[in-house]
Structure formats: C-alpha cells, structure tokens
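Atoms within each ligand, like the ligands themselves, are counted from 1 in listed order. The figures here come from the full heavy-atom set of this structure, side chains too, leaving out hydrogens, waters and symmetry mates.
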Amino acid sequence: MSSTASSPATATSDTFAESLRRTEAIRSDLDAHPERYRVLTGDRPTGALHLGHYFGTIASRVVLQDQGVETWVLVADYQVITDRETTGNIQENVRGLVLDYVAAGIDPDRSTIFTHSAVPALNQLLLPFLSLVTEAELLRNPTVKAELAASERALSGLLLTYPVHQAADILFCKGNLVPVGKDQLPHIEQTRVVARRFNERYAKKNPVFPEPQALLSESPEIPGLDGRKMSKSYGNTIALGMTADETAKIIRKAPTDSDRHITFDPENRPGVSALLTSAALCTDGDPVQIAEEIGDGGGGALKAFVTEAVNERFAAHRARRAELAADPGYVSEVLRRGNDRANEVAEKTLDEVRAAMGMVY
Ligand code: TRP
C-alpha cells in the first residue's frame, strides 16, 4: 500500500455525496490494486452482532480480505465506556464478536483481530493527537452529539474525545481505508485532520500518517424488526448467534399490520417492509418480488418466509460458531495473536511519532 500519499481527490470535502463518489472510485481501484490499501475497521463490544452488522459491514470485510487487502479488525473495548458507566458484560460480548467474525469468514491467519485494551502504544497516540484538535471541533461532531443525547448523561471527557482515540485506532497501523456507515463519516474526517496536522507540524518532509478514506457500506441502513434502524438499543435485532428457534420466536413477535395483502411499502408499512428487506438480504432477492410471491398470505406467511430465509442463510455461520465456541481456548488464542501483531506495529508507529516530535533521548 502507499503508506502516506493522499491523492488530490481526498483532500477536502466531508459531505455524504462526496464520500459516495469517492467510494465508487476506490472500489474500482481496489479490484486492480488491493495492495495499495490497508483496511482498519471495528465494532464496540456492547452486545451481540446482528444482521445489521453483517449486511452493513461484516460481509464486505470478508470480501476485502479475500480480495487480498490487508485487513485489521478492532474490538473497540475502550469505546464501550464512551456513553455508559461500566463495561457491562464485556467478556461475553468480546467473545461473541470474535466468534462471529471468524464464523463469518474473517480469517485470523490473514487478518488481525485485536482489542484496544491490549495495545498500550495505540492508546498513547491519543496524547499527541489531542493536541491537534480544538474543543470547538470536538463539540460540533454530530455523531458525538447524537450519542450524548441518547445517553441521557453528562458529557464525559471520553465521549467528547473518542473520535480522536478512533483516529489512533486507524492511524496506529497506517490504515488508509475505513469501511463504515454514514454515521462514522465525521470521525473519518476528524482522523484526516489529525493525520494532516501531525504531518504538517512534525513530519513535513517525511509524512508519518496517511489521510484515510471512508469506504461507505453498499447496503443502505438495515431496518430492524420494527422498521427503525436495526440497533440493539431499539431491541429490534436478529442476532447472528441466535438459534433457529430463537429466530422464529423473535420474528413471530415482530409487528406487522392487518392488511393480508403483502406489499413493500417502507413508508406506510414499516414492519412488513422491514421483514421483506431482511428476507431479500438473506436470499439475495428483491423485496418487491418477495411481496408478490407472498401475495395474500398475510403476516403469517410472510413471517414463515423470513424465518426460513434467515435460518437458511445463517445455518452454516451458526454451526461454525458453535464449533469454535466449543473450544474453550480458541477466542483467547485468536486475540493473543492479533494483539501481539497490533502491539508490534503500534510500537513501531509510536517510535516514528517520538522521532518526528524530537522525543528521542
Ligand atoms: N465507532 C465505531 C462504531 O461505533 C467502532 C469503531 C471503533 C471503529 N474504532 C473504529 C470503526 C475505527 C472504524 C474504525 O461502529
């Protein structure tokens, strides 16, 4: 990969349209030159991964990895405490994430799966990086504002500054491509600013950091069972690790409506349409066509169809997950290897940072 170059096209706008346009250009370049890219992405271990994660980002990480792009996957454990008081069921959540990653096809022999808390040199980058941003920049980050509002708590120092910590997540390994959803674009823009300012202040001749780009998710927001965005905080998710019976049960409880004729109409029929979208994603089909097939079958037939679609799509994933989970040392071993590799790279980058800042004594 080109470690530090930023093409002219990457220098300015942070608008959604601009990011979409760039995503298209990157996709075609990726096919020709996978070696130019280093992908870093991650998830907060706040709960079980669900269909929204899978179709929104996990599936595309696997595609990138299989295309030969160097891929780093972060279990962002320090980000758990940005908007809540404690780490909660962190052990179980981290374990679940790793099992789902590997079951989905992220191969720990080719990709690096690691956690924040095990990589001190990554976290140390936060110190110089904080000097590169202003309070005003931090306060206007729309994603932080939304998370603050949803948290119903006072703004903590970490919630305010975690986008800078996220810049360290991306830059410690010199990631230059970050597959994300729309809500993460402000953080990518902040990361670009951090990289640019560090290079300008300390490393003009020999830039240390690339200015990473967002690779926007291909599928639009995945609706949860109630038609709102699928999210654990709405309690409308289908978890990847659910059993077939749990899946059937939760789909049975999903809200539909009294019109037996099934149509795809997200505006007026959010529940019915969300179920159709899930079925379409799981069968690589089209929601309008699935609606036509079900016709006058009503909510019952629709739910039976969706249940089968989800259970079939994830049968192999779930079997593999159960197999991995049966080995008690497996997850720790994956993380040990990933964390070792992440530490090696983070220490090297931190050395470059110290050298650029004249802090070598
Ligand atoms: N903030 C991301 C989310 O909530 C998770 C995350 C942490 C991340 N560090 C990252 C994503 C670095 C991309 C790159 O989904």
Side-chain angles (χ1 to χ4, degrees), residues 19 23 37-58 60-61 64-65 69-84 87-88 90 93-94 97-98 100-101 106 111-119 122-123 125-126 129 138 141-148 150-151 158-195 209-217 221-222 229-234 237 338 342 345-346 349:
S19 294
T23 290
Y37 296 91
R38 180 175 289 168
V39 161
L40 180 294
T41 182
D43 303 284
R44 298 180 194 209
T46 51
L49 290 178
H50 51 66
L51 262 61
H53 295 115
Y54 184 83
F55 291 109
T57 112
I58 309 237
S60 72
R61 293 176 196 172
L64 287 165
Q65 167 199 269
V69 181
E70 190 183 322
T71 302
W72 294 66
V73 183
L74 165 63
V75 178
D77 53 359
Y78 272 133
Q79 253 189 42
V80 170
I81 45 172
T82 51
D83 65 351
R84 63 203 72 200
T87 51
I90 191 114
N93 293 342
V94 170
L97 243 63
V98 174
D100 275 322
Y101 289 158
I106 296 175
S111 298
T112 307
I113 302 173
F114 68 107
T115 59
H116 273 146
S117 59
V119 189
L122 180 163
N123 296 306
L125 288 175
L126 182 62
F129 285 4
L138 295 171
N141 184 309
T143 300
V144 170
K145 281 197 215 165
E147 286 165 348
L148 173 63
S151 79
L158 184 61
L159 180 53
L160 180 64
T161 56
Y162 91 83
V164 187
H165 189 236
Q166 188 160 323
D169 297 345
I170 298 166
L171 295 176
F172 93 92
C173 67
K174 305 194 182 181
N176 62 1
L177 192 60
V178 189
V180 283
K182 201 175 158 181
D183 65 313
Q184 297 293 304
L185 290 177
H187 301 346
I188 309 295
E189 191 51 33
Q190 183 71 79
T191 302
R192 293 160 60 79
V193 166
V194 165
F209 295 114
E211 279 182 41
Q213 312 202 61
L215 186 71
L216 276 170
S217 164
E221 216 160 74
I222 317 295
K229 175 187 172 175
M230 189 178 282
S231 164
K232 190 167 178 268
S233 47
Y234 294 148
T237 66
V345 170
T349 301

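Near L74, meaning under 4.0 Å from any of its heavy atoms, are these atoms of ligand 1: 9 (N). Near V178, the atoms of ligand 1 lying under 4.0 angstrom from a non-hydrogen atom of the residue are 13 (C), 14 (C). Close approach of ligand 1 to A76 (heavy-atom distance below 4.0 Å) involves ligand atoms 7 (C).
Close N/O approach between Q79 and ligand 1 is found [any backbone or side-chain N/O within under 3.5 Å]. Taking only nitrogen or oxygen atoms, main chain and side chain alike, D43 does not reach within less than 3.5 Å of ligand 1. The distance criterion of under 3.5 Å between nitrogen or oxygen atoms is met by R44 with respect to ligand 1. Of the polar atoms of D169, at least one N or O is found under 3.5 Å from an N or O of ligand 1, judged by distance alone.
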Requested in this report: Take R61 and V39, measure what side-chain contact (heavy atoms from CB on, under 4.5 Å) needs, and give me the verdict at the end.
Outcome: CA-CA 9 Å; R61 293 176 196 172; V39 161; 5.8 Å; no
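Only the side chain of Q184 comes within contact range of ligand 1, with a heavy atom under 4.0 Å; no backbone atom does.
Remark: aromatic rings of Y162 and H187 are close, center separation under 6.0 Å.
Of all heavy-atom pairs between A342 and T112, the closest is N-CG2, 4.5 Å.
Note: Q190 CD to T143 OG1 = 11.5 Å, rounded to the nearest 0.5 Å. Separation of atoms OG1 (T87) and CG (N93) is listed at 9.5 Å; rounding is to 0.5 Å.
Side-chain contact of R84 with T46: a donor-acceptor pair under 3.5 Å is absent, judged by distance alone.
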